[in-house]
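Everything below concerns the one structure shown next.
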Number of protein chains: 2
Amino acid sequence: MDDALWEFVVGAGDHWGTTYGLPPVAGRVFGWLLVCDPPEQTADDLAEHLQASKGSISTATRILIGFQMIDRLRIRGERADRFRLKHGLWEQQLLDPGLDKTRALLTQGLDALADSPAPRSERLRELDLFYAWYAERSPQLVEEWREYRRTHLAAKQEQATGGRGV
Amino acid sequence: MDDALWEFVVGAGDHWGTTYGLPPVAGRVFGWLLVCDPPEQTADDLAEHLQASKGSISTATRILIGFQMIDRLRIRGERADRFRLKHGLWEQQLLDPGLDKTRALLTQGLDALADSPAPRSERLRELDLFYAWYAERSPQLVEEWREYRRTHLAAKQEQATGGRGV
DNA sequence: CTGAATGTTCAGTAATATCTGAAAATAATG
DNA sequence: CATTATTTTCAGATATTACTGAACATTCAG
């Protein structure tokens, strides 16, 4: 890949890597899977393009699968597995950005403050309410995004692919 | 603080620390500021409760201020600065979860793919559309949250504070 | 079943990040 | 202005994380 694309891959790896706490190579695998051709890459493809060892790639893919950011594919007639960005990743993220984990943490904090005067737990209570609101709201939000995409992306795809769709 | 609260502080520090790429002490400062009493703490308060050096606290507060997660306060009549969770933090996060930075990154990627066949940049274009949609949508979303809070948190505050409000 | 290709694990090493503590800088008080 | 409190900086020490590469395990084709 050329330098400009490499810069993007590293930058994207760093960006989403920071967000999810990924090691550098895992971030880059994710970044590369955003722009590679074809979108389904073998471990060897990844190791070659990202100049990383097989071991790192194995660890990175395991981590990314754990975060549900990529899928492992078994292609009929091919020996090697392939990896691909998880379909519906952004929608899923919109629907549930780790709500359960965060709310469990807040519950833990509220329990720890159970014997304290009420005002002390006000910050946590507001935050808990915020997450409760979001959990309630997000399914509808996903629908709104789908509708928006239907109208906006479809038009662009039309031009780009001659209407073949994706 | 007791063990249960300490566990929360560390867990919260780890949780938001992972999300923002914070060092451990910075995460804990943030965690502590979610539950401390009073909500405004001096550097000495922080160092003592979190058992960290003055130097670490100074670095941690600088980082958190940079992320706009906390504010530095100059209290009239007090020599030492105090730190406090930034007001409106969650709303601000809802309004703009790093949209500009992310979209700049996507533009960089799209530029790098400018000479490639259109299908290759489809993943980035959809993601860019996603962020465009969110940027358009989020101000209204903040209003919805405020309305929700008005109805739900107000009621709870009533019980907790006898209607004095906050 | 056998051999070859693929995938995983992990010990050892390298790289990075983080913290402490003390010195330097800054700010506030009288 | 001198003194003291507070804050920042940063060199050095420590701790943590991440990577490589080779051994081991697994899977697949014939």
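Below, read A as the first sequence line, B as the second, and so on, with proteins coming before strands; counting in each chain starts at 1.
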Please find the pair of heavy atoms, one from Arg103(A) and one from Ala132(A), that lie closest to each other, and give the distance.
NH2-CB, 3.4 Å
Minimum-distance pair of heavy atoms, taken over all atoms of Ala60(A) and Val25(A):
CB-CG1, 4.1 Å
Using a heavy-atom cut-off of 4.0 Å across all strands, would you classify Asp44(A) as base, sugar-phosphate, or nothing?
nothing
Is there a side-chain polar atom (N or O) of Arg62(A) under 4.0 Å from OP1 or OP2 of dT9(C)?
yes
Hey, is the side chain of Arg72(A) poking within less than 4.0 Å of OP1 or OP2 on dT8(C), counting only N and O atoms?
yes
Residue-level proximity of residues 28-35 of chain B to DNA chain C when a heavy atom falls under 4.0 Å:
none
Should the pair Arg146(B)-Glu143(B) be classified as a salt bridge under the 4.0 Å nitrogen-to-oxygen rule?
yes
Separation of atom CD1 in Ile75(A) from atom P in dT27(D), rounded to whole Å:
18 Å
How does each nucleotide of nucleotides 15-30 of chain C score, in 5' to 3' order, for protein heavy atoms under 4.0 Å: base (B), sugar-phosphate only (S), or none (-)?
---SSBB-----BBS-
What side-chain hydrogen bond (donor to acceptor under 3.5 Å, both in side chains) pairs are there with at least one residue in [range], not counting sequence neighbours?
| range | value |
| --- | --- |
| residues 54-63 of chain A | Ser53(A)-Ser56(A) |
| residues 5-15 of chain B | Lys101(A)-His15(B), Thr102(A)-His15(B) |
| residues 20-37 of chain A | Tyr20(A)-Gln93(A), Trp32(A)-Gln41(A) |

Under 3.5 Å, which donor-acceptor pairs do the side chains of residues 65-72 of chain A form with other protein atoms, sequence neighbours left out?
| residue | atom | partner | partner atom | Å |
| --- | --- | --- | --- | --- |
| Asp71(A) | OD1 | Lys86(A) | NZ | 3.0 |
| Arg72(A) | NH1 | Asp81(A) | OD2 | 2.7 |

Would you say Asp115(A) has more than 12 foreign heavy atoms packed within less than 6.0 Å of its CG?
no
